[in-house]
Student: 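One structure, as structure tokens, below. Some questions next.
Atoms within a ligand are numbered from 1 in the order they appear, just like the ligands themselves. All values derive from a computational prediction rather than experimental measurement. Only heavy atoms go into these numbers, but all of them, side chains included; no hydrogens, no water, no symmetry mates. Residues take their numbers from the sequence shown, with the count starting at 1.
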Amino acid sequence: MKENKKIGKGTRAVHAGVKPDPTTGAIMTPIFQTSTYVQEAVGVHKGWEYSRCHNPTRAALESAFAELESGTHGLAFASGLAAIDTVLKTLKPGDEIIAGQDLYGGTARLFRTNYEPMGLVFHFVDTQKPELVEAAMNEHTKLVWLESPTNPLMQITDIAAIASLTSPRGILLAVDNTFASPMLQRPLEHGADIVMHSVTKYMGGHSDVVMGALITKNEEVDASLRTIQNNCGAIAQPFDSFLVLRGLKTLHLRIERHCINGKKIAHWLKSNPHVGKVYWPGFEDHPGHEIAARQMDDFGGMIAFELKGNNLEQALKFVASTELFALAESLGGVESLIEHPAAMTHASVPAEIREELGISDGFIRLSVGVEDAEDLIADLDMAMHKSIN
Ligand code: P1T
């Protein structure tokens, strides 16, 4: 992984946001499990008033998020969707949003079922093609929302190319960076205005927290997001903030191993006679490979593939047959997961849209963990033999 900042990404991961506790010297930020803070007189306090507004454990995490994403302001939310919801709440009826056509199912569901009826206008566009994004822009466009790599099709969008269209028009560009993590991609460095994470995934890394994050270096954007965070209250809790601060310290080590294992498994799948198409941006023949090689530091541990024949029954049997790969929604934890997007994470995407995008009934998604790659391959091989006959 290349280093492109003055201090290395590993050093940032270990130290971001955390300073010794001023009262005790504790090297880890304590869990300030408190709802409120005592004031000496009305308005005379130590800078902390009420834990929906501010909490020292959450504040340490929020500055860690900002540092890791090359931003200046970070915000921590109760879930990834709560973070996305906060961005949408900055808009008003009549505003238009250009959204990627391949998005996490829950994101698309929030857009279509909650915000479309409230008067926001969404254009779902293939953001791999900047010319289509440009064609969808008009004077009402306020936001472009995209994922890269996308969930689950692993499509890559050139973030800088989209930023060159949004920035001169005063349109905000928000990038859901969940699949890459800041160890592999920092969208603010490519011109994005807002970075979003489902912290539940790689940032937390241990499958024990649900959390979301927003990061920006734009003061005005931060002020409006922060106001909504406080007004609406979907905050990250102190204990969860502590768990994520702990998880972040090994983010670079985990991601390095996710990438090594992901590469081995992607190549093994590609050479397997029972496997059809394999979706992984590290392959030179992946349509987004060149962009990914430029804007990412490595290709990550998320892989999707189809079994040959691409049929539902076989795919369902396969995902139920692995033993090390646990059959579960979510991704980005140390343990490997397998799932069937059409029936699980993307079941809320209408069948005709799934079909149009290529999320077929035989389509399987892997979140490759940090176990030994040989054991993971043996597990997939075993499941292959069980489900092919
Ligand atoms: O689950 P939550 O923390 O609310 O985050 C939602 C979310 C947002 N963006 C992306 C790219 C995501 O992958 C997710 C959540 N995804 C899953 C649960 C999943 O299995 O794909």
Side-chain angles (χ1 to χ4, degrees), residues 61 65 69 75-88 99-115 124 127 145-157 159 174-182 184-185 187 192 194-215 229 232 234-237 240-241 243-244 247 258 279 281 296 300-304 319 325-333 335-349 354 357 359 363-369:
L61 179 63
F65 288 155
E69 278 291 2
L75 291 165
F77 294 88
S79 69
L81 279 171
I84 300 170
D85 184 59
T86 299
V87 177
L88 292 177
Q101 61 178 11
D102 184 38
L103 296 174
Y104 167 57
T107 305
R109 182 179 55 202
L110 175 70
F111 290 177
R112 290 181 200 277
T113 64
N114 293 88
Y115 281 97
F124 292 91
T127 58
W145 184 278
L146 61 90
E147 297 176 5
S148 186
T150 60
N151 181 0
L153 285 162
M154 304 300 299
Q155 294 173 348
I156 302 293
T157 288
I159 298 169
V175 176
D176 181 337
N177 201 30
T178 299
F179 265 38
S181 94
L184 299 184
Q185 176 173 277
I194 300 171
V195 174
M196 178 265 156
H197 279 279
S198 171
V199 175
T200 317
K201 312 299 177 339
Y202 287 107
M203 301 279 258
H206 296 76
S207 310
D208 49 11
V209 171
V210 173
M211 190 187 286
L214 295 175
I215 302 107
Q229 184 197 40
C232 300
I235 47 160
Q237 295 297 325
D240 291 352
S241 299
L243 285 175
V244 174
H258 285 296
Y279 301 74
M296 297 175 71
M302 293 303 298
I303 304 170
V319 298
F325 278 88
L327 175 58
E329 301 199 3
S330 202
L331 60 108
E335 56 286 284
S336 293
L337 301 182
I338 189 165
E339 69 118 6
H340 185 266
M344 296 168 72
T345 50
H346 293 70
S348 63
V349 178
R354 281 202 311 265
L357 292 176
I359 307 172
F363 186 91
I364 293 168
R365 191 187 77 182
L366 299 179
S367 169
V368 177

Student: Can you sort out the partners of H258 under ring pair (Phe, Tyr, Trp, His ring centres under 6.0 Å), two or more places apart, ordered by chain and number?
Tutor: Y202
Student: Considering non-hydrogen atoms only, spot the tightest contact between A180 and Q185 and give its length.
Tutor: CB-CB, 3.7 Å
Student: Is L331 close to E339 at the side-chain level, that is, under 4.5 Å between some pair of heavy atoms?
Tutor: no
Student: Check for a donor-acceptor pair, side chain of Q229 on one end and backbone N or O of A76 on the other, with a separation under 3.5 Å.
Tutor: yes
Student: Could you tell me which non-hydrogen atom of A234 sits nearest to which non-hydrogen atom of A82, and how far apart they are?
Tutor: CB-CB, 3.7 Å
Student: Which heavy atom of S181 sits nearest a heavy atom of H197, and at what distance?
Tutor: CA-CE1, 3.8 Å
Student: Need the list: ligand 1 N/O atoms against protein N/O atoms, distance under 3.5 Å, rounded to one decimal.
Tutor:
from, atom 1, to, atom 2, distance (Å)
ligand 1, 3 (O), G80, N, 2.9
ligand 1, 3 (O), S198, OG, 2.9
ligand 1, 3 (O), T200, OG1, 2.6
ligand 1, 4 (O), G80, N, 3.0
ligand 1, 4 (O), L81, N, 2.9
ligand 1, 5 (O), S198, OG, 3.0
ligand 1, 9 (N), D176, OD2, 2.6
ligand 1, 13 (O), N151, ND2, 3.0
ligand 1, 16 (N), K201, NZ, 3.1
ligand 1, 20 (O), S330, N, 2.7
ligand 1, 20 (O), R365, NH2, 2.9
ligand 1, 21 (O), N151, ND2, 2.9
ligand 1, 21 (O), R365, NH1, 2.8
ligand 1, 21 (O), R365, NH2, 3.4

